[in-house]
Amino acid sequence: MKGFVAEAALYAREHGRTEALAAFNDPDGEFVRSELYIFAYDMNGTVLALPFQQQFIGTNRSEVHDSSGVAYIAGMTRLAAEGGGSIYYVYPNPAREYAEELKLGYVLPVDGTWFVGSGGIYIPEVGTEFDAEVRDALMKRVKAARDYAQEHGKETACAAFNDLAGDFADGGAYIFAYATNGTTLALPYQPEYIGENRFDLEDRYGVRVILLEIAAAENGGRVRLHHLLQPPRHRA
């Protein structure tokens, strides 16, 4: 998949945007290979190429979320702006009667104005259904931590978040905190990382989890499905 996307990015640079988009939008062309196909967006989230859903070409999809709440187009755009990378999102799998499954995609920038990508690897062994009450409780807990930080300030809040005996370090529902440049501010069960910049941290599938968390926070906060794929000692 990565090689396929790299090939498409190179083709776009060599042949120009108009010719490349015509090729990417051809459902019978060379950039559709079995379950893999190339899509393209500009850096504001507008669809440029989507061979099997061409009705979306020209529409802005930056606010599109999957069923787990992940704003995956916005995430792809941020990744492309940072040089490219992998991302998870929930998407119907046509090979399994369009069941919603976790999918791994990959994007690369063509230049500073648009990017290409492909999503072709499903990970069906990871469940995508969430108990609504559990998710709502988690979101409420994070919002309470945010409110606490706004009321008490960064230093006091991070001390509270890092306190293993405190209310914010409750097992799997612990609160973490990062600066927007990726520096660890609070990670109660892995204090050795505090002060370390983890902006480029990747999980086992090569997804830059901290970068995407920052992107989600900057977009107002979103559910991050990728936590499910990290071993406990590398949760963030």
Residues which pass side-chain contact (heavy atoms from CB on, under 4.5 Å) with [X], listed by chain and number, not counting sequence neighbours:
{"X": "I121", "answer": "M1, L104"}
{"X": "K143", "answer": "R146"}
{"X": "A8", "answer": "F24, F31, I38, V116"}
{"X": "N197", "answer": "N181, T183, F199"}

Stepwise, does the side-chain contact (heavy atoms from CB on, under 4.5 Å) test hold for S86 with K2? CA-CA 9 Å; S86 301; K2 289 183 177 180; 4.0 Å; yes
May I ask whether [X] and [Y] are part of the same hydrophobic cluster, defined by side-chain heavy atoms of I, L, V, M, F, W, Y residues being less than 4.5 angstrom apart, directly or through others?
{"X": "I210", "Y": "M76", "value": "yes"}
{"X": "L108", "Y": "L10", "value": "no"}
{"X": "Y122", "Y": "V90", "value": "yes"}
{"X": "L36", "Y": "Y11", "value": "yes"}
{"X": "L185", "Y": "L212", "value": "no"}

Contacts of type side chain to side chain donor-acceptor pair (under 3.5 Å), residue T113, not counting sequence neighbours: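 Result, side chain to side chain donor-acceptor pair (under 3.5 Å) vs T113: D111.
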State which residues pass side chain to side chain donor-acceptor pair (under 3.5 Å) with S62; sequence neighbours excluded, sorted by chain then number.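 Result, side chain to side chain donor-acceptor pair (under 3.5 Å) vs S62: N60.
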Can you list the residues that meet the ring-ring contact (aromatic ring centres under 6.0 Å, His included) rule with [X], with sequence neighbours excluded?
{"X": "Y72", "answer": "Y89"}
{"X": "Y148", "answer": "H152, F168"}
{"X": "Y106", "answer": "none"}

Side-chain ([X]) to main-chain ([Y]) donor-acceptor, under 3.5 angstrom:
{"X": "T184", "Y": "E196", "value": "yes"}
{"X": "R141", "Y": "A173", "value": "yes"}
{"X": "Y178", "Y": "L211", "value": "no"}
{"X": "R17", "Y": "A12", "value": "no"}

Using a cut-off of 6.0 Å, state whether more than 12 heavy atoms not belonging to E155 lie near its atom CD.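 Not buried by this count: 12 neighbours or fewer within 6.0 Å.
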Should the heavy atoms of other residues, nucleotides or ligands under 6.0 Å from CG of D167 be counted, would the total exceed 12?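 No, CG of D167 has 12 or fewer neighbouring heavy atoms, counting only those of other groups under 6.0 Å.
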Considering residues at least two apart in sequence or located in another chain, which fulfil the salt bridge (Lys or Arg N to Asp or Glu O under 4.0 Å) criterion with R61?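 Expected list: none.
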Determine all donor-acceptor pairs shorter than 3.5 Å in which one atom belongs to a side chain in residues 48-57; sequence neighbours excluded.
{"from": "Q53", "atom 1": "OE1", "to": "Y91", "atom 2": "OH", "distance (Å)": "3.2"}
{"from": "Q54", "atom 1": "NE2", "to": "N25", "atom 2": "O", "distance (Å)": "2.6"}
{"from": "Q54", "atom 1": "NE2", "to": "P51", "atom 2": "O", "distance (Å)": "3.2"}

Please give me the minimum heavy-atom distance between [X] and [Y], naming the atom from each residue.
{"X": "S67", "Y": "E100", "value": "OG-OE1, 2.7 Å"}
{"X": "T180", "Y": "I214", "value": "O-CD1, 3.5 Å"}
{"X": "P109", "Y": "R13", "value": "O-NH2, 2.7 Å"}
{"X": "M43", "Y": "G112", "value": "CG-O, 3.4 Å"}
{"X": "R208", "Y": "E82", "value": "NH1-O, 3.6 Å"}

Under the side-chain hydrogen bond (donor to acceptor under 3.5 Å, both in side chains) rule, what pairs show up with a residue in residues 26-38, not counting sequence neighbours?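 Found E7-R33.
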Within the 4.5 Å heavy-atom criterion, are [X] and [Y] side-chain neighbours or not?
{"X": "F176", "Y": "F161", "answer": "no"}
{"X": "W114", "Y": "L21", "answer": "yes"}
{"X": "L102", "Y": "Y205", "answer": "no"}

Go through it in stages, so that I can follow the logic: the residues are Y193 and L201, the test is side-chain contact (heavy atoms from CB on, under 4.5 Å), and I'd like the CA-CA distance, side-chain angles, deciding distance and then a yes or no. CA-CA 12 Å; Y193 290 121; L201 175 70; over 6 Å; no
Find the distance between [atom1] ([X]) and [atom2] ([Y]) and round it off to the nearest 0.5 Å.
{"X": "I123", "Y": "N93", "atom1": "CD1", "atom2": "CG", "result": "11.5 Å"}
{"X": "I194", "Y": "N162", "atom1": "CD1", "atom2": "CG", "result": "3.5 Å"}
{"X": "R78", "Y": "E218", "atom1": "CZ", "atom2": "CD", "result": "4.5 Å"}

